[in-house]
Amino acid sequence: GTMPGAHGPRPHLSSGCCKLELLSPGKFTSMNGEVELDLDEDSACWEVILRENAPAGQLLLGVDLKTNAQRNDAVLPAGRLFLNVALWDPVVLTDHRAQLHAASKMHDAITEMK
C-alpha cells in the first residue's frame, strides 16, 4: 500500500514500507451486533517516519478498508486507514518528563502561597 513517508516528499526519512500481518480482523459493535471490517490484508504495512532535526518520529500503520463501515449514522468510507503513534528519543522524553515534574512542583508551590 501507499504510505505517506515512503511515497511522500521526503522518502529518505522513512524506513520504507514493511509488510504487516493482521492477526485478526478489525471489528466494531453496531445495533445489530458485532461487525467485521472488510480489510485488504495484502495492503497492510507499517513504516517509521523520522523528522529532520527533531527528537520525535512516527510509527505509522496503514491498511485499506475495502467497503464502507457504518455504525448508526457514522460512516467510515472505504479507502486507506492509518494509525499514527508518536515515537520519542528516550533521552529527550526523560528530559521532558523532568521538566514537567519541575514545572508541576513550581505550580503547586505558587498555588499554596495564595
Side-chain angles (χ1 to χ4, degrees):
T2 302
M3 296 295 282
H7 301 102
R10 295 185 190 96
H12 63 285
L13 296 176
S14 168
S15 63
C17 294
C18 302
K19 180 71 178 144
L20 180 65
E21 179 183 351
L22 300 179
L23 299 178
S24 64
K27 298 177 184 177
F28 66 93
T29 303
S30 74
M31 295 298 279
N32 299 323
E34 192 171 81
V35 178
E36 196 172 291
L37 295 174
D38 187 13
L39 300 174
D40 179 3
E41 292 185 30
D42 293 331
S43 73
C45 60
W46 64 271
E47 71 177 338
V48 171
I49 303 172
L50 302 175
R51 295 186 208 143
E52 290 179 296
N53 305 317
Q58 302 168 307
L59 169 62
L60 198 60
L61 311 172
V63 65
D64 291 335
L65 178 62
K66 294 194 276 185
T67 57
N68 291 352
Q70 183 167 352
R71 180 175 185 222
N72 302 330
D73 293 335
V75 177
L76 186 59
R80 194 82 171 140
L81 300 176
F82 295 102
L83 172 66
N84 188 350
V85 180
L87 300 176
W88 287 87
D89 178 311
V91 173
V92 173
L93 184 57
T94 299
D95 181 52
H96 285 185
R97 284 183 176 155
Q99 288 178 32
L100 176 61
H101 180 69
S104 294
K105 286 181 97 172
M106 188 178 299
H107 173 269
D108 292 345
I110 291 169
T111 302
E112 286 179 20
M113 289 180 190
K114 292 182 178 182

Can a donor-acceptor pair be found, under 3.5 Å and without considering hydrogens, that links the side chain of [X] to the backbone of [Y]?
X	Y	value
E36	P25	no
S15	V48	yes
H7	M3	yes
N72	A74	no
R71	T29	yes
R80	T2	yes
S43	D64	yes

May I ask you to check whether over 12 heavy atoms, not counting those of K105, lie within 6.0 Å of atom NZ?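 Atom NZ in K105 is not packed in, count stays at 12 or less.
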To check you understand the geometry: which heavy-atom pair defines the closest contact between [X] and [Y], and what is its length?
X	Y	value
G8	P11	O-CD, 3.3 Å
G26	L39	N-CD1, 3.8 Å
N68	P77	OD1-CA, 3.3 Å
S14	G5	CB-C, 3.6 Å
C17	A6	SG-CB, 4.0 Å

For the [atom1] atom of [X] and the [atom2] atom of [Y], what is their distance to the nearest 0.5 Å?
X	Y	atom1	atom2	value
D108	M113	CG	CE	11.5 Å
T67	D40	OG1	CG	11.0 Å
H101	M106	NE2	CE	11.5 Å
H107	I110	NE2	CD1	7.5 Å
E47	L20	CD	CG	12.0 Å

What about [X] and [Y], same hydrophobic cluster or not, with Ile/Leu/Val/Met/Phe/Trp/Tyr joined at side-chain heavy-atom distances under 4.5 Å?
X	Y	result
L50	L59	yes
L61	V85	yes
L83	L37	yes
F28	L81	yes
W46	F82	no

Test side chain to side chain contact (heavy atoms under 4.5 Å, CB included) on I49 and R51 and set out the steps. CA-CA 7 Å; I49 303 172; R51 295 186 208 143; 5.6 Å; no
